[in-house]
Amino acid sequence: MAVPSSGQISLNDFHVEAGGTSGSACTLNDTDIRGLISKGSGAAMNFGEWYGASGLVHSTTMVAGYSAGQYVTISGYGTSVAGDSLGDDSIDSICGQSGVTITSLQNVNNNFTFALSKSGATFSNSGWTTMKVWVGQNNNSGTPTATFPRTGTGSYHAGNTSFSSSSGSCLYLWTDVAYASAFGTTHQGNCFVEIV
Amino acid sequence: MTFTYSHITRDSILLTTLTDSDGSLVEVGSKLNADNSVNETLSKKLAEGVYYSTRTVQTQIERTLSVDATQVKDTTYLNGSATRTDYAVGTAPGQAIVATLNDDFSGEVTSFDNNTMNLVGEYTAQRPPYNINNSISFYNFDVPTDTIKNSFGATYQEYKKWYGLKFDTVTNDVLAKFVIPESEMKRVDVDTYNEINALLPPHSYQFYARIHDKSSNINENVDVYFQADPSVMKSWCTTNSYTFPYDTTDNTIEPKLFIWGCVYNTTSETITHVKAYARTTV
């Protein structure tokens, strides 16, 4: 949901739009916040520039596959579980590239991977801040079931955050993620994903 | 393949980067020492684990998923040779073992073969704590029931969706192997968790198993399972003088590998055995 396009707006609106928690500490010069209106560090800005600002990079529905096999449990969207699907697997711009395809959004043995591909592209670890996941619904109403940061620690993964890339693909990995957070234990259950 | 490492700070976060000679890149949050300096060894190991997770490890995962779970034949390698074969319960060899279990251990679970993914295997004494008599292993690919948990004094908050029972064919004693995710191992015994992780090679997808007897005693030997690159495992075993689990001249094994295991002894604080598991069908 973008910053209101008119009327009263606040720094907290910008922070929430950038993926922050409402009411938590932030400044206008935080990378994720000024990134909403493409400002560099310390750059001049005015309130008019913030009306309608949106941090949304991509959103999609997901029908999550779930398979609990011998030693390997998979939940989400990828190549290994029949019956999974994404409503929109094409991202306009992310990680320094345009026209990118999502190849997986899946939790394998409590390791959540978000993989992207574009033939011959060199991806950078940039262009988004937070992934929001809703499990058990096909829209973004209410509080997300879980959120995952592009870098650093978060509340929904007890392990590490990492980024890897090679020619034509990149992958984010969050370790120690519960299936309740991504993407449930119901085969073909509804989920919604928003990247800001 | 030549790795170059660096440590950088971006947006106030310490990152360790691995760059391969082919241009591939890995960025991980650096592992820190108590004084907040970068722990070079653990940070590099973490980065390498991520590197392989998209290569040979991914192949191992996909191979495991591609096999018909109801026709599985899993071979365990230990000390340089095959030591055990597990069969899906619906296969002919599996049904023969199920018949033995029904004859001798019928009261332990409601059914040994009501889940077609369940595995059974017979094995000779090889390593602690199964080093006295021949045994039968039974792996049930469901979350353990409260009856099983209570029988063996298991009070974990999280369980993986499988557990094992080990039947001593001479004494009829039964041990239970409770399988828990990484976060649960960290919660119940963070010291052992840290000691194991300091010893392991670069790897992915780790989880643990702890063995309980019917007096609720927890065995001093802890199993850790993980995916890893075979060449990394060979190098690590050589460096640490661990016996490599299989005959490396047999080139039919490596393409079928799907997981590795280590036995960590909490008394000696050492890895005592390295295991490799290969999957085929009957």
Side-chain angles (χ1 to χ4, degrees), chain A residues 30-32 35 41 65-75 78-82 103-104 106-111 113 115 117 122-126 129 149-154 156-180 185, chain B residues 10-18 20 22-31 46-47 49-51 53-55 58 60-62 64-67 69 72 74 86 88 117-119 139 141-143 158 160-162 179 181-184 186-187 204-207 225-227 258-259 277 279:
Chain A
D30 288 351
T31 305
D32 54 347
S41 179
Y66 178 72
S67 166
Q70 292 144 326
Y71 312 115
V72 179
T73 298
I74 290 185
S75 175
T79 56
S80 302
V81 182
T103 54
S104 83
Q106 62 183 359
N107 187 344
V108 179
N109 285 0
N110 301 110
N111 287 248
T113 58
S117 73
T122 299
F123 290 91
S124 61
N125 184 3
S126 63
T129 304
R150 181 174 59 80
T151 60
T153 57
Y156 295 93
H157 65 296
N160 309 296
T161 303
S162 62
F163 167 80
S164 58
S165 68
S166 55
S167 178
S169 66
C170 75
L171 180 141
Y172 288 90
L173 169 67
W174 298 271
T175 63
D176 225 344
V177 176
Y179 294 107
T185 56
Chain B
R10 185 191 301 144
D11 297 334
S12 304
I13 296 171
L14 272 170
L15 300 172
T16 295
T17 69
L18 174 160
D20 189 5
D22 71 358
S24 299
L25 170 74
V26 173
E27 293 182 0
V28 296
S30 301
K31 291 291 188 182
L46 176 60
V50 172
Y51 176 88
S53 73
T54 59
R55 293 169 172 79
Q58 180 65 26
Q60 288 170 8
I61 293 279
E62 289 171 0
T64 306
L65 291 164
S66 70
V67 173
V72 157
D74 285 342
D86 292 323
M117 289 195 297
N118 291 353
L119 302 177
Y139 289 156
F141 287 88
D142 295 299
V143 173
E158 293 180 85
K160 298 280 284 181
K161 203 180 174 186
W162 64 281
V179 188
E182 179 181 3
S183 55
E184 182 65 1
K186 202 184 302 183
R187 190 189 69 79
S204 306
Y205 305 120
Q206 64 171 258
F207 59 91
Y225 300 93
F226 53 88
Q227 259 86 27
F258 69 93
I259 201 166
Y277 297 81
R279 170 157 291 193

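Below, chain A is the first sequence line, B the second, and so on; all start at residue 1. The shown structure was predicted, so the numbers you read here are calculated from the model rather than taken from an experiment.
Heavy-atom minimum distance, A/S164 versus B/T54: OG-CG2, 4.0 Å. Between A/Y71 and B/F141, the shortest heavy-atom contact is N-CE2, 3.7 Å. Counting all heavy atoms, side chain and backbone alike, A/S166 lies closest to B/R55 at CB-NH2, 4.1 Å. Taking every heavy atom of both residues into account, B/A69 and A/Q70 meet most closely at O-NE2, 3.2 Å.
Residue B/L119 touches chain A through its side chain alone, counting heavy-atom pairs closer than 4.5 Å. Heavy atoms closer than 4.5 Å to chain B are found in the backbone of A/T161, but not in its side chain. Only the side chain of A/N110 has a heavy atom closer than 4.5 Å to any heavy atom of chain B. Heavy atoms closer than 4.5 Å to chain A are found in the side chain of B/F258, but not in its backbone. Heavy atoms of B/L14 lying under 4.5 Å from chain A are absent altogether. For chain A, no part of B/D20 is nearby; none of its heavy atoms comes within less than 4.5 Å. Neither the backbone nor the side chain of B/V179 comes within contact range of chain A; no heavy atom of the residue lies under 4.5 Å from a heavy atom of that chain. Of the two parts of A/N160, only the side chain, counted from C-beta on, holds a non-hydrogen atom closer than 4.5 Å to a non-hydrogen atom of chain B. Using a 4.5 Å cut-off between heavy atoms, B/E62 contacts chain A through its side chain alone, with no backbone atom that close. B/T64 touches chain A through its side chain: at least one heavy atom from C-beta onward sits under 4.5 Å away, while N, CA, C and O do not. For A/V108, the parts sitting under 4.5 Å from any heavy atom of chain B are the backbone and the side chain alike.
Top candidate by heavy-atom pairs under 4.5 Å with chain B, chosen from A/T122, A/D30, A/N125, is A/N125. No other option in B/L25, B/V26, B/V28 has as many heavy-atom pairs under 4.5 Å with chain A as B/L25.
Between the CG atom in A/N111 and the CD1 atom in B/I61 there is a gap of 8.5 Å [rounded to 0.5 Å]. The CG atom of A/N109 sits 13.5 Å away from atom OH of B/Y225, with the distance rounded to the nearest 0.5 Å. With values rounded to the nearest 0.5 angstrom, B/Q58 atom CD is found 8.0 Å from A/L171 atom CG. Considering CG of A/L173 and CD of B/E27, their distance stands at 13.5 Å, rounded to 0.5 Å.
Inter-residue side-chain proximity for B/K186 and A/D176 is flagged as met; some heavy-atom pair is nearer than 4.5 Å.
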